[in-house]
> 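My questions all concern the structure below.
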Amino acid sequence: MTAAPSLTDDEIARIASRIDRPVVLVGLMGAGKSTVGRRLATLLARDFVDADDAIEDAAQRKVSEIFEEFGEAYFRDGERRVIARLIEENSGIIATGGGAFVDPETRALILEKAIAVWIDCDVDTLVERTSRRDHRPLLKTGDPKEILMKLHGERAAFYSQAQIRVLSEDGPHSNTAKTIIEAIDRWL
Ligand code: S3P
């Protein structure tokens with residue numbers, strides 16, 4: 001496990017004051033986007049929003065129900081609209097669902113108006129973390145490890161277009177949040 005960057009509260013506040021756009025977390029299911037996002041928002045004293053929760057609020061249905069009743073293409077349309085709205089409304093931290101940044105329009109919008117952070121993670125850790133809950137429709141269609149390996153292979157080329165990449169290791173999510181703050185500081 002990599003040690004957390006030793007940032008003081010003052011250093012974090014100084015970095016936060018330079019962040020003038022939303023920070024959008026992208027990456028595969030189980031990478032920790034929502035948990036890390038909440039930590040990041042607390043550290044930077046910003047709002048946090050989870051795009052999947054916002055989609056569920058707008059649709060008044062669970063993500064799994066949207067996939068089941070209307071299919072993935074319909075979900076992606078709604079996801080695109082909701083993320084565009086969140087970016088307009090929000091200058092804090094936005095966690096996106098794992099497929100959002102693969103959509104060309106959503107990706108272009110995020111890259112133009114926000115700072116995209118790819119939380120990368122090894123597949124075994126993703127398998128372990130996603131096995132704790134069973135709400136993800138894409139992981140119910142076969143062996144989760146095979147699906148995650150396939151998605152990792154297919155999506156890495158898209159995720160790697162994010163301005164920032166950090167590796168989420170099996171340590172506390174606050175380490176990843178601090179690593180992101182340091183990486184944003186270097187990037188700005
Ligand atoms: C998806 C990831 C999920 C959710 C939907 C589709 C994907 O979000 O948006 O099930 O295509 O990878 P999380 O990455 O938050 O699990």
Side-chain angles (χ1 to χ4, degrees), residues 22-41 47-87 90 92-110 114 116-162 164-170 173 176-177 180:
V23 174
V24 177
L25 306 180
V26 307
L28 279 177
M29 297 170 265
K33 300 175 298 268
S34 305
T35 317
V36 171
R38 281 194 186 86
R39 289 287 160 77
L40 195 56
D47 290 336
F48 169 78
V49 62
D50 182 294
D52 279 347
D53 290 348
I55 294 166
E56 292 187 342
D57 282 350
Q60 289 296 298
R61 280 185 170 78
K62 294 277 166 208
V63 168
S64 57
E65 292 168 352
I66 303 174
F67 267 72
E68 220 171 277
E69 289 179 40
F70 304 105
E72 183 172 350
Y74 181 92
F75 172 78
R76 296 295 169 208
D77 278 348
E79 179 178 55
R80 192 181 309 117
R81 283 196 300 275
V82 166
I83 290 176
R85 171 170 60 79
L86 295 178
I87 288 180
N90 188 297
I93 315 300
I94 303 171
T96 60
F101 203 62
V102 177
D103 180 273
E105 271 182 56
T106 307
R107 186 170 65 252
L109 182 78
I110 294 172
V117 177
W118 172 22
I119 305 185
D120 195 7
C121 188
D122 69 83
V123 171
D124 285 336
T125 305
L126 297 175
V127 173
E128 201 274 311
R129 288 188 190 150
T130 53
S131 70
R132 294 175 202 160
R133 290 181 64 198
D134 74 341
H135 65 296
R136 294 179 168 99
L138 292 182
L139 298 183
K140 289 183 182 167
T141 58
D143 174 55
K145 180 162 184 172
E146 275 173 27
I147 295 168
L148 284 163
M149 277 168 57
K150 184 166 173 282
L151 288 176
H152 194 271
E154 289 170 358
R155 292 179 173 179
F158 301 107
Y159 295 147
S160 63
Q161 294 174 43
I164 289 169
R165 169 183 176 266
V166 297
L167 199 56
S168 154
E169 291 175 279
D170 209 11
H173 283 304
T176 312
I180 291 173

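In each ligand, atom 1 is the first atom listed, and ligand 1 is the first ligand listed. This is a predicted model, so every value here is computed, not measured.
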> Taking 4.0 angstrom as the limit and counting only heavy atoms of P137, give me the atoms of ligand 1 inside it, by number and element.
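Per the distance check, 10 (O).
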> Of the backbone atoms (N, CA, C, O) and the side-chain heavy atoms from C-beta on, which set of L138 has a member under 4.0 Å from an atom of ligand 1: side chain, backbone, both, or neither?
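The part of L138 near ligand 1 is the side chain, not the backbone.
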> How far is atom 8 (O) of ligand 1 from its nearest protein heavy atom, and which residue and atom name does that atom have?
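The protein heavy atom lying closest is D52 OD2, 2.9 Å.
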> Hey, are the side chains of L28 and H152 touching, using non-hydrogen atoms and a 4.5 Å cut-off?
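Yes. Closest side-chain heavy atoms under 4.5 Å.
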> Measuring from atom 6 (C) of ligand 1, which candidate in R76, H135, R155 has the nearest non-hydrogen atom?
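Selected option, by shortest heavy-atom distance: R76.
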> Regarding ligand 1, does G98 bring an N or O atom to under 3.5 Å of one of the ligand's N or O atoms?
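So ligand 1 has an N or O lying under 3.5 Å from an N or O of G98.
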> So, are D103 and R76 salt-bridged, with charged N and O less than 4.0 Å apart?
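The answer is no: the pair does not qualify as a salt bridge.
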> What do you reckon, does E79 have a nitrogen or oxygen under 3.5 Å from a nitrogen or oxygen of ligand 1?
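Min N/O separation from ligand 1 is not below 3.5 Å for E79.
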> Return the residue, atom name and 0.1 Å-rounded distance of the protein heavy atom closest to atom 5 (C) of ligand 1.
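Looking at atom 5 (C) of ligand 1, the protein heavy atom closest to it is V63 CG1, 3.9 Å.
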> If every non-hydrogen atom of P144 is compared with every non-hydrogen atom of L139, which pair is closest and at what distance?
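Heavy-atom minimum between the residues: CG-O, 4.0 Å.
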> Taking distance alone, with N or O pairs closer than 3.5 Å, would you say K33 contacts ligand 1?
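Yes; at least one N/O pair falls below 3.5 Å.
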> Could you tell me how the ring of Y159 sits relative to the ring of W118: parallel (under 30°), tilted (30 to 60°) or perpendicular (over 60°)?
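Correct class here is tilted.
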